[in-house]
Amino acid sequence: MKSFLVIGLGRFGSAVARELASLGQEVLVLDEDEENVQHIADDVTQAIRGDAQDEAVLRSVGARNFDCCIVAVGTDMEASILITVMLKEMGAKYVVAKAQSPVHARVLERVGADRVVLPESEMGQRLAQRLVRTNVVDYIGVSDDFSILEIHPPKSWIGRSLGQLGVRARYQVNVLAIRHGEGGQVDVTPQANQVIGADDLLIVIGTNENVDKLVEQH
């Protein structure tokens with residue numbers, strides 16, 4: 001289990017926080033708006049009201065101790081840049097920052113964000129992937145070289161275990177998790193003896209080339 005700090009509870013931040021929590025991760029959220037905090041409190045590990053532009057607030061929640069900090073502040077570009085800078089200065093391990101535009105993204109990269117996301121652009125990529133590949137349930141471009149896919153398993157995999165299939169050795173991809181049916185329970189630590197069912201969805205990560213080869217197995 002990893003720990004995540006999500007700063008900003010707009011649509012993007014709330015969606016990320018809830019999805020991480022549903023995957024069994026430790027999630028602390030931080031937002032200035034009390035209503036936003038209360039609305040998500042039951043869905044995450046801890047929800048705190050506070051101004052993330054105040055360095056003392058970031059230190060009080062132990063920002064530097066999280067495996068990943070996600071700066072999901074809304075339309076305030078200056079705030080997102082300031083928060084990103086403070087997180088990196090205080091030693092945050094990995095900072096993901098949401099950008100409003102390509103220019104904003106370049107600034108965030110220059111001030112030290114480890115990864116910058118442009119939600120509208122990435123949503124477009126995900127839609128295109130789902131339209132072209134009917135077996136792809138979801139797509140996340142991790143970088144120019146790596147992707148995470150949620151896919152229906154190849155028919156030849158059903159009824160066989162991960163160990164029998166030798167997924168990592170044969171396809172050079174890793175199975176991060178198995179979702180038992182759409183919207184179902186997620187097994188975030190699948191073991192080698194885990195048998196793949198017909199309704200299972202596999203969350204896999206690998207180079208774009210290798211995940212493409214895997215998808216072609218269908």
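No experiment lies behind these values; they were computed from the predicted model shown. Here, residue 1 is the first one in the sequence, and each next residue gets the next number.
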(Q) Less than 4.5 Å apart, side chain to side chain, heavy atoms only: is that true for Ile83 and Val73? (A) yes

(Q) I'd like to check Cys68 versus Val96 (side-chain heavy atoms, cut-off strictly below 4.5 Å). Are they in contact? (A) yes

Q: Calculate, to the nearest 0.5 Å, the distance between atoms CD and CD belonging to Glu55 and Glu89 respectively.
A: 7.0 Å

Q: Quick one: list whatever passes side chain to side chain donor-acceptor pair (under 3.5 Å) with Asp67, sequence neighbours left out.
A: Ser3

**Q.** Sequence neighbours excluded, every pair satisfying side-chain hydrogen bond (donor to acceptor under 3.5 Å, both in side chains) that has a member inside residues 10-19
**A.** Arg18-Asp43, Glu19-Arg179

Q | Minimum-distance pair of heavy atoms, taken over all atoms of Cys69 and Ala63 | A | SG-O, 3.4 Å

**Q.** Approximate separation, where rounding is to 0.5 Å, of Leu87 CG and Ile70 CD1
**A.** 11.5 Å

Q) Can you name the closest pair of heavy atoms from Ser80 and His104 and give their distance? A) OG-NE2, 2.8 Å

Q) For the residue pair Pro153 and Gly197, what are the closest heavy atoms and their distance? A) CG-O, 4.0 Å

**Q.** Arg160: partners by side chain to side chain donor-acceptor pair (under 3.5 Å), with sequence neighbours left out
**A.** none

Q. Can you hop from Met90 to Leu30 via hydrophobic side chains spaced under 4.5 Å?
A. yes

Q) Is there side-chain contact between Asp31 and Ile7, with heavy atoms separated by less than 4.5 Å? A) no

**Q.** Over all atoms of both residues, closest heavy-atom pair of Ala97 and Ala113
**A.** CB-CB, 4.2 Å

Q: To the nearest 0.5 Å, tell me how far Arg115 CZ sits from Glu109 CD.
A: 11.0 Å

Q: Determine whether more than 12 heavy atoms belonging to other residues, nucleotides or ligands lie under 6.0 Å from atom CD of Glu78.
A: no

Q) Would you call Leu20 and Val44 a side-chain contact if the rule is heavy atoms closer than 4.5 Å? A) no

Q) Under a 4.5 Å cut-off applied to non-hydrogen side-chain atoms, are Ser161 and Gln191 in contact? A) no

Q. With no hydrogens and no angle check, is any side-chain donor or acceptor of Arg64 less than 3.5 Å from a backbone partner on Ala92?
A. no

Q.
Once side chain to side chain donor-acceptor pair (under 3.5 Å) is applied, do any residues pair with Arg106, and if so which ones, sequence neighbours excluded?
A. none

Q) If you measure from CD1 on Ile81 to CE on Met86, what distance do you get to the nearest 0.5 Å? A) 12.0 Å

Q. Less than 4.5 Å apart, any side-chain heavy atom of Ile48 and any of Val61?
A. yes

Q: Start with the C-alpha gap between Leu162 and Val175, add the side-chain angles, then the distance that decides, and say whether side-chain contact (heavy atoms from CB on, under 4.5 Å) holds.
A: CA-CA 9 Å; Leu162 293 175; Val175 178; 4.0 Å; yes

**Q.** Atom pair CG/CZ of Asp54 and Arg59 - distance to nearest 0.5 Å
**A.** 11.0 Å

Q. Hey, does Asp187 have a side-chain heavy atom less than 4.5 Å from the side chain of His180?
A. yes

Q) Judged by atom type as modelled, is there a donor-acceptor pair below 3.5 Å linking the side chain of Thr45 to the main-chain atoms of Val27? A) yes

Q) When you look at Phe4 and Val29, which way does the side-chain contact (heavy atoms from CB on, under 4.5 Å) test go after all the steps? A) CA-CA 8 Å; Phe4 295 84; Val29 298; over 6 Å; no

Q | CA sep, side-chain torsions, deciding dist, call: Ile196, Leu202, side-chain contact (heavy atoms from CB on, under 4.5 Å) | A | CA-CA 9 Å; Ile196 297 172; Leu202 310 180; 4.3 Å; yes

Q: List, by chain and number, the other hydrophobic cluster members for Val186, where Ile, Leu, Val, Met, Phe, Trp and Tyr join if side-chain heavy atoms come within less than 4.5 Å, directly or indirectly.
A: Leu23, Val188

Q. Leu118 and Ala99: which non-hydrogen atoms are nearest, and at how many Å?
A. CD2-O, 3.5 Å

(Q) Please check this pair: side chain of Asp114 against backbone of Val95, looking for a donor-acceptor N/O pair closer than 3.5 Å. (A) yes

Q: Not counting sequence neighbours, which residues clear side chain to side chain donor-acceptor pair (under 3.5 Å) with Asn174? List them please.
A: Arg168

Q) Once you round to the nearest 0.5 Å, how far does CG of Asn65 lie from CG of Leu5? A) 10.5 Å

(Q) So Phe66 and Lys2, do their side chains get closer than 4.5 Å, heavy atoms only? (A) no

Q. Donor-acceptor pair, His39 side chain versus Glu35 backbone, under 3.5 Å?
A. no

